[in-house]
Amino acid sequence: GAYSDELCSQQTSKGMQRSSRLSAEKANGPTLPAAPPASAAPAAPPAAVAGQTAHTHPLDPLRAEEISAAVHAVRLTFGKENPAASSSFFIECTLEEPHPKDVPLVTGADIKALQAIPRLARVITYNRDTNMTSEWLVALTLRPPGKGTRTKSYEGRVISQDLLKDVQPAVDEREFEEAERIVKEHPDFLAVMARRGITDMSLVFADPWSIGYFKPEDGPARRLCRVLFWVRTAGGPEMDDEAEELVDNAFARPIEGLVVRVDLQKMEVVSMVDRELIPVPDPDPLRNYVNRRGHVVEDSAMVVRPLLPITTKQPNGPSWKVEGNFVVWDKWTFRVGVTPREALVIYNVAVFDPDKARYRHVARRLSITEVLVPYGDPDDPHYFRSALDAGEDGLGKNSHTLEEGVDVLGPCHFFDMNFPDFNGGLGKVPNAVAMYEEDCGVLWKHIDWRTAHTASKRARRLVLTFMCTIGNYGYGFFWYFNRDGTIQHEVKLTGTVMTGVAHGTKSRKYGTLLDGKTLYAPIHSHWFVARMHMAVDSDGLGGNSLVEVNIKTESKGTHNPHNNAFFAEETKLPSEVAARRRWDFSGNRYWRVVSEEKNRAGTNTAWRLVPGRTTPLYARPEAMILRRAGFINYHLWATPFNPYERFPGGDYPNQNPREGDGLPFWTQQDRSLEDQGIVLWYCFGMTRQVRLEDWPVSPCEGVSFTLQPDGFFDRNPCVGPVNADAPPATAAAAAAAAAPGPAAAVPVAAAAAAHVEGEEELRAKL
């Protein structure tokens with residue numbers, strides 16, 4: 001109760017641009033009970049961590065019981081007799097994360113102080129009667145056993161409600177299912193299909209899309225979607241007894257020339273225009289990727305040598321240590337979170353430095369915050385396709401249950417995801433996030449040709465992954481933590497390409513003919529936005545700056561007599577506008593987040609953001625998609641940390657009519673990036689000119705980037721204590737290393753062996 005009035009005053013009247021108009025006091029976050037301060041030099045996690053449960057840390061995702069309590073609290077606020085109670089639907093319920101100043105990067109011993117931080121849920125509801133969106137802040141408390149109950153239970157109390165105008169929240173799959181039903185039952189639609197010779201509606205497949213924003217009538221005054229159609233082949237594959245649906249590839253026969261819009265608020269067809277009778281493509285004999293029973297089959301041709309089984313085993317168990325959502329593996333510690341919009345979130349990343357015998361901060365929060373898929377065909381129906389898959393649909397809500405032996409091999413650890421369904425019931429994706437180890441070749445190797453001595457070490461990495469399907473495309477998102485201190489992120493694209501009809505005089509320049517006739521796949525791009533709140537040797541609230549590095553060719557002259565010289569040129573990016581940057585292949589460009597700490601060479605410790613494969617923006621500057629997705633104008637954006645700046649296109653990109661919402665708007669303030677807690681927004685992706693080999697299902701194709709330590713360690717962190725003046729490992733350390741079973745949670749013994757100080761001094765420091 002002590003914090004409710006303050007939070008209410010801070011959370012009301014935010015408006016759509018609230019994250020940019022916050023006062024300095026609000027930007028620092030709500031005032032919460034004090035927690036142990038975040039040190040720039042965190043010690044190894046103490047043994048007290050092992051006593052935590054899955055819900056004892058303030059960054060743990062909401063449990064199922066907490067979500068139910070938050071939903072119940074919102075419903076109680078409506079009241080039983082209030083019509084809003086039956087007309088309001090739940091879009092999202094997620095943790096309102098505490099301000100970083102109250103949460104130390106590496107958990108300290110004072111668990112009670114962490115548990116004293118208020119547990120808050122942020123709930124988003126949509127009211128069909130009023131077409132209004134509400135944000136609720138609900139305080140969650142654990143109620144002790146009382147009369148009639150022997151167990152503890154959660155209760156929620158609404159402490160603020162913010163009624164938002166002129167926004168549309170993300171669309172739920174149940175709305176799309178209902179839209180498909182009312183269209184397929186509409187008499188005008190039946191007549192349109194009959195005109196094309198289609199009478200069996202069970203073969204018709206409808207694919208509703210958020211409408212985007214291209215003209216004023218697309219704005220949020222109405223909750224709209226556009227429905228596209230395909231038809232499966234009549235007399236095709238048999239029914240699958242378990243799935244009870246046809247396994248025939250629905251995207252093989254698109255139905256075009258028909259424009260259908262549905263009002264999702266009133267659940268009625270707004271318009272249905274049969275503008276052109278376009279012939280449906282003939283059935284493609286290569287359209288299917290499974291057999292008639294829905295099973296995947298291998299190529300059985302005589303010339304193909306069959307693959308034999310391959311297994312991944314860890315006879316002594318996995319190397320990680322997991323306590324609730326806290327993970328320790330090799331040098332790394334971090335916390336795992338999940339949200340309906342981003343899916344996997346990684347908090348409080350720290351890496352152990354064996355030379356300094358302590359954990360050092362790297363990042364506060366890592367996640368993928370948006371996925372944009374704009375199409376390059378100017379004709380209808382392709383021009384409007386510009387899905388914002390996170391903001392309009394939700395990566396977490398569309399994620400899969402991952403299966404051991406299918407999606408991952410070998411020992412693995414799973415994390416579930418809980419969220420409210422559209423009606424406020426409890427939704428769950430079991431095993432939504434998987435964590436496992438994999439061998440990935442040689443870590444380092446050197447051969448001394450003079451002595452023929454060979455030294456090498458195997459590479460291994462820890463993988464955290466989730467997968468989701470939104471419409472025709474499937475995505476696998478992979479975070480890799482490597483033994484050399486690098487972090488990589490890779491997105492793998494698969495699924496079925498979007499199809500259309502190349503009919504009559506339609507130009508083929510904007511795509512690929514798949515069947516040599518009329519089945520057509522338009523060119524398109526995939527953009528992904530990684531939001532990375534860095535904390536390089538800092539607490540993530542200050543102490544970092546941003547630098548760009550370009551490789552330059554030395555000028556001609558006496559200082560370059562052989563004309564072979566080139567060098568790295570650093571340029572400080574002092575403010576937000578200066579940090580709007582595009583990747584430059586010619587300069588091999590990368591960026592450094594620099595701390596105030598020094599390494600043994602006397603330079604500042606840093607981490608690099610190194611681009612991998614990516615794509616430029618091909619749309620013209622006047623393209624309507626850039627009104628609500630202007631973040632793809634640049635590959636890199638950087639902002640000082642603000643807890644209300646969460647998503648690159650703003651909180652509500654669905655049907656958003658505001659030009660430049662999100663990053664383009666925030667960075668107009670041109671805030672300083674010197675001695676700040678820096679948030680990197682990296683926009684990367686690929687442009688796909690579809691190949692025949694991408695049909696009928698695309699093999700995985702990846703894009704990635706890397707975070708690398710740059711002068712962060714004093715040497716290769718994968719080389720052991722081999723200096724002549726380093727003390728040998730103690731007998732206890734050697735015995736611990738040789739012992740079977742899971743690895744120790746904290747590599748204290750390894751740190752002691754690597755450090756030149758005596759064991760007693762080192763233990764005193766730890």
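Residue numbers run from 1 in the order of the sequence given.
- A cation-pi arrangement is absent between Arg364 and Phe641 under the rule of less than 6.0 angstrom and at most 45 degrees off the ring axis.
- Ion pair Asp60/Arg335 flagged as a salt bridge, since at least one NZ, NE, NH1 or NH2 atom sits closer than 4.0 Å to an Asp/Glu carboxylate oxygen.
- Side-chain contact between Tyr126 and Pro169 is present, with heavy atoms from C-beta onward closer than 4.5 Å.
- Contact check for Leu626 versus Ile632: side-chain heavy atoms found under the 4.5 Å cut-off.
- Salt bridge present: Arg671 and Glu645 bring a charged side-chain N and a carboxylate O closer than 4.0 Å.
- Put simply, the side chain of Val429 does not reach to within 4.5 Å of the side chain of His400, judged on heavy atoms.
- Between the side chains of Thr605 and Asp537, at least one donor-acceptor pair of N or O atoms lies under 3.5 Å.
- Two rings, from Phe528 and Tyr475, have their centers less than 6.0 Å apart.
- The shortest side-chain heavy-atom distance between Glu135 and Thr125 does not fall under the 4.5 Å cut-off.
- Judged by distance alone, the side chain of Glu66 and the main-chain N or O of Leu62 form no donor-acceptor pair under 3.5 Å.
- Checked by atom type and distance alone, the side chain of Gln676 never pairs as donor or acceptor with a backbone atom of Pro640 at under 3.5 Å.
- Of the possible polar contacts, none joining the Asn544 side chain to the Gly677 backbone as a donor-acceptor pair under 3.5 Å is found.
- Residue pairs meeting the salt bridge (Lys or Arg N to Asp or Glu O under 4.0 Å) criterion with at least one partner in residues 474-493, sequence neighbours excluded, are Asp330-Arg483.
- Note that the NE2 atom of His524 and the OH atom of Tyr375 stand 4.5 Å from one another [nearest 0.5 Å].
- No donor-acceptor pair under 3.5 Å is formed between the side chain of Thr706 and the backbone N or O of Gln708.
- For the pair Arg608 and Trp591, the NZ or CZ position fails the cation-pi test of under 6.0 Å to the six-membered ring centre and within 45 degrees of the ring normal.
- Looking only at side-chain heavy atoms (C-beta outward), Tyr359 and Val328 come within less than 4.5 Å of each other.
- Between Phe684 and His489, the ring-plane angle classifies as perpendicular under the 30° and 60° cut-offs.
- Aromatic pair His526/Tyr473: ring centres closer than 6.0 Å.
- Contact annotation: the side chain of Val345 approaches that of Arg365 to within less than 4.5 Å [non-hydrogen atoms, C-beta and beyond].
- A side-chain donor from one of Ser575 and Asp670 sits under 3.5 Å from a side-chain acceptor of the other.
- A salt bridge is defined here as a Lys NZ or Arg NE, NH1 or NH2 lying under 4.0 Å from an Asp or Glu carboxylate O, and Asp651 with Arg122 meets this definition.
- At distances below 3.5 Å, not a single donor-acceptor pair connects side-chain atoms of Thr494 with backbone N or O atoms of Cys700.
- Asp393 and Asn398 share no donor-acceptor pair across their side chains, judged by distance under 3.5 Å alone.
- Between Trp637 and Phe631, the distance from one ring center to the other does not fall under 6.0 angstrom.
- In the model, Thr615 has a side-chain atom that pairs as donor or acceptor with a side-chain atom of Thr687 under 3.5 Å.
- The aromatic rings of Tyr480 and Phe478 sit parallel to each other, their planes meeting at less than 30°, with 60° as the upper class boundary.
- Distance check: Ile91 CD1 to Ser134 OG gives 11.0 Å after rounding to the nearest 0.5 Å.
- Aromatic ring centres of Tyr347 and His533: separated by at least 6.0 Å.
- Checked against ring pair (Phe, Tyr, Trp, His ring centres under 6.0 Å), Phe481 has the following partners two or more places apart in sequence or in another chain: Trp332, Phe334.
- Taken to the nearest 0.5 Å, the CG atom of Leu140 stands 9.0 Å off from the CG atom of Leu95.
- Every side chain to side chain contact (heavy atoms under 4.5 Å, CB included) that Glu674 has, sequence neighbours left out, goes to Ser545, Lys572, Pro574, Ser672.
- Remark: side-chain polar atoms of His99 are paired, donor with acceptor, to backbone N or O of Lys101 under 3.5 angstrom.
- Using a 4.5 Å heavy-atom threshold, the side chains of Arg581 and Glu548 count as touching.
- Atom CG of Leu402 and atom CZ of Phe466 lie 10.0 Å apart (nearest 0.5 Å).
- Taking the charged nitrogens against the carboxylate oxygens, Glu701 and Arg688 do have a contact shorter than 4.0 Å, which makes a salt bridge.
- Taking the six-membered ring for Trp and the full ring otherwise, the centers of His635 and Trp583 sit at least 6.0 Å from each other.
- Using a cut-off of 4.0 Å between Lys/Arg side-chain N and Asp/Glu carboxylate O, Glu370 and Arg646 are scored as not salt-bridged.
- Salt bridge Glu437/Arg461: absent, no basic N to carboxylate O contact under 4.0 Å.
- A 4.5 Å side-chain heavy-atom check between Met534 and Val679 finds every atom pair outside the cut-off.
- Rounding to the nearest 0.5 Å places CD of Glu576 at 11.5 Å from CG of Leu546.
- Once rounded to the nearest 0.5 Å, the distance linking NZ of Lys397 with OG of Ser399 reads 11.0 Å.
- In this structure, the side chain of Arg582 engages the main chain of Asn633 through a donor-acceptor pair within 3.5 Å.
- The backbone N or O of Pro657 lies less than 3.5 Å from a partner atom in the side chain of Arg627, making a donor-acceptor pair.
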